[in-house]
S.K.: 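One structure, as structure tokens, below. Some questions next.
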Amino acid sequence: MPKVTIDGHSIVVPDGTTILQAARMIVDAPGYIGENIAPPTMCYHSKLKTSGGYCRSCIVKVSKGSEKDPRPMPKLVASCRTTVMDGMEVMNTTSPEVLEARRGVVEFLLINHPLDCPVCDQAGECHLQDLGYENGGSKTRYDFKRRTFAKIDIGPFIKLHMTRCIMCFRCVKAADQLTNNRYQGMLFRGDASEISTYIEKAIDNDFSGNLIDVCPVGALTDRTFRFKSRVWFTKPMDAHRSCTKCSGKVALWEKGNEILRVTARKDKWGEPESWICNECRFEKKNINDWVIEGPRHIDPHSVISLNHYENVVATMKLDVAKQQKQLADKK
Amino acid sequence: MGKKILLEHINVPGIKGLEVYRQNGGYASVEKALKTMAPDAVVEEVKKSGLRGRGGAGFPTGMKWSFLAKPEGVERYLVVNADESEPGTFKDRYLMERIPHILIEGMITSSFALGAKTSYIYIRGEYFYVSRILEAAIEEAYAAGLLGKNILGSNFSHDIFVQVGAGAYICGEETALLESLEGKRGNPRIKPPFPAIAGLYSCPTVVNNVETIASVPYIVMNGGDEYAKIGIGRSTGTKLISASGHINKPGVYEIEMGVPVEEFIYSEEYCGGILNGKKLKAVVAGGSSVPILPADLILKTEKGEPRLMSYESLSDGGFATGTMLGSGGFMVYDESTSIVKNLYTFARFYHHESCGQCSPCREGTGWMEKILHRIVEGHGKAGDVDMLWDIQRKIEGNTICPLGDAAAWPVASAIRHFRKEFEEYINHPERIRDKMPVV
């Protein structure tokens, strides 16, 4: 069991753990009150095999290789793909070199990104927005024409907008690993490369909707939700139903009594807790289809939590307290 | 005349064929290794020889071989990297075209040392006609019992296959090459695991350059110690140099490591001086990826010692005042060359060849090309040089494979040594734009 120290926080982790996983373990440990030392990720997804290593936003500095070989690693490494060694010391937020390189990565990811957030459905829950806000600069130095692609419908439910894509390959891995047949891949090379379903073949299977959830940006969006509402005007609720295909545990995004969209429940790191089927996602838009569990906890740093919804929770808590008091009074 | 190992018999008529090749001592190393040596003894000789990878990185070959994992019951492979795509490099083509059997011989002997039953030659698509030459040579070797089952009556069997790539520079990177060889898109793999542990079809694999493998027969015949006597210091043996640019005698030269750069450029034996008696301006010593050096720094190191054609001497001074031997693509520029235009050509190449997997290289190479294009067209802006510097710095070292570094180094070195020229171009484009040709 190797022991690793990240930004001064030590943890003992199982063999084969990556630096990124170790950092998340540190942050997730009960009683941890430091800042978030887990490197940001765009292309890594814990539930998708062989994901990670592409976007380079999780790069960290290994200042001590291991107890046996204490030499520092010569280059910054992708923390999502580097396993820890016993005695390893890692610098993430404490290394100016890392922060500078990460600023570079953010800039690279953004130079061809359209920055059409005002009309993008992903705005508000976009990993690239978070990454840019937390790690990027405030200005662009890129003054050339940006790369654009035509929008493509892949099947009746999913819209592929390659212009926004950052080539994280998560949808490719998901399509590869969740379904029997591989429909997706990469076409062309370099900054002309694009994710494609070849001859625009519809991804036609029960779990294709998960591609929308794994996309960290607005490149893959839900056609049944497009332009319906900004996410921060919707109320996320945990709900479930008994489904024969998937766990049936979802998050509903409501406006009034209307369900605007259904997604998987995303954890703290923006990754779906479990995959859900297309029936749950696209066809069950009636409130009576679901057993509502209660409001979904949204990370305070998210723009979604900054709306009236938090107040709703507060009022609901008050309501509950009031009812309990009334009940007690009755007795 | 320096010692010749690879090109000793290159001018013998008919050396392309098996018969003449054998008359000139060919395939003796197969016979010697298979009949008198243990596989480990061959590896030991290669280690002693100090032979270093000739593809560009210069990693000691014997050490690479000894890293090869040897689990029971798992195939091992030797893959020869003939995807010679580095701009300015054409030595492997020359070798395979003229004397293909030296490569086949080296492959059989090396595979015996590594315990590989199958080996592959991955050759770039543009060398399609060379693949035909190799296939003909392989056929001859099969017919002579040098390939196939029980070679020369021993219990060692071996097969060689030639695989033609589709012409992507990135497939010269060893893991991208393996992906391509497996029939997939040629994207570099994320390391670890290294090919020595999990390479082709997830089996332990050694990937070596053509020239490296072609040097093995001499080492086996004459012993590693004998090979180590040639050359200088840790740069042992001979090296093929592809000389091109503004010189009187461009071509492929086999040099003993340690020849002074000045002698290489100016002597009649090698490049024969600068074309039309002009002055030397700069040299890219090891293929387009390595840093460009101005005339004074390529001829003499910072300390004032004469620079030699060897791994150590060329990299003396680090990247601040040195460069690398790389793949031996020696490009010479005379005083009429525009470094800016030349750099634009390189940047365009790397942009075109970036695979698109990881963000710094995918986006950065295109950005650098666009800025350089703007400068070359005469629309450069005041901050462009600083911006180029900053972009290359953010690409270098932050990518999955070395293509990012290869794209960043030429930019960095051109700015480092020729910053004034960039500024002059930006401020007075008309002085340079129409007068200096793009190389």
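All chains are named by letter (A, B, ...) in the order of the sequence lines, taking the proteins before the strands, and each is independently numbered beginning at 1.
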S.K.: Can you tell if the side chain of D191(A) reaches within under 4.5 Å of the side chain of H351(B), non-hydrogen atoms only?
M.R.: yes
S.K.: May I ask you to test the H113(A)-E363(B) pair for a side-chain heavy-atom distance under 4.5 Å?
M.R.: no
S.K.: Answer with side chain, backbone, both or neither: which region of Y142(A) has an atom nearer than 4.5 Å to a non-hydrogen atom of chain B?
M.R.: both
S.K.: For E100(A), which atoms come within 4.5 Å of any heavy atom of chain B: side chain, backbone, both, or neither?
M.R.: both
S.K.: Under a 4.5 Å cutoff for heavy-atom pairs, which residue among G364(B), S354(B), G383(B) has the most contacts with chain A?
M.R.: S354(B)
S.K.: Could you state the interatomic distance from CZ (R56(A)) to SG (C358(B)), rounded to the nearest 0.5 Å?
M.R.: 5.5 Å
S.K.: Does any backbone or side-chain atom of F169(A) lie under 4.5 Å from a heavy atom of chain B? Answer side chain, backbone, both or neither.
M.R.: side chain
S.K.: Keeping R81(A) on the side-chain end and P192(B) on the backbone end, is there a donor-acceptor pair under 3.5 Å?
M.R.: no
S.K.: What's the spacing between D143(A) CG and M387(B) CE if we round to 0.5 Å?
M.R.: 5.5 Å
S.K.: Judged by atom type as modelled, is there a donor-acceptor pair below 3.5 Å linking the side chain of R362(B) to the main-chain atoms of I166(A)?
M.R.: yes
S.K.: Distance from K75(A) atom NZ to E396(B) atom CD, nearest 0.5 Å?
M.R.: 8.0 Å
S.K.: What distance do K145(A) atom NZ and K370(B) atom NZ have between them, rounded to the nearest 0.5 Å?
M.R.: 10.0 Å
S.K.: Can you tell me which portion of L76(A) sits under 4.5 Å from chain B's heavy atoms? Options are side chain, backbone, both or neither.
M.R.: both
S.K.: Examine whether an atom of R141(A) lies under 4.5 Å from a heavy atom of chain B, and if so say whether it belongs to the side chain, the backbone or both; otherwise answer neither.
M.R.: both
S.K.: Can you measure from OG (S359(B)) to CG (L110(A)) and round to the nearest 0.5 angstrom?
M.R.: 10.5 Å
S.K.: With chain A, which of A168(B), C361(B), C355(B), G366(B) has the greatest number of heavy-atom pairs at distances under 4.5 Å?
M.R.: C355(B)
S.K.: To the nearest 0.5 Å, tell me how far E107(A) CD sits from K394(B) NZ.
M.R.: 5.5 Å
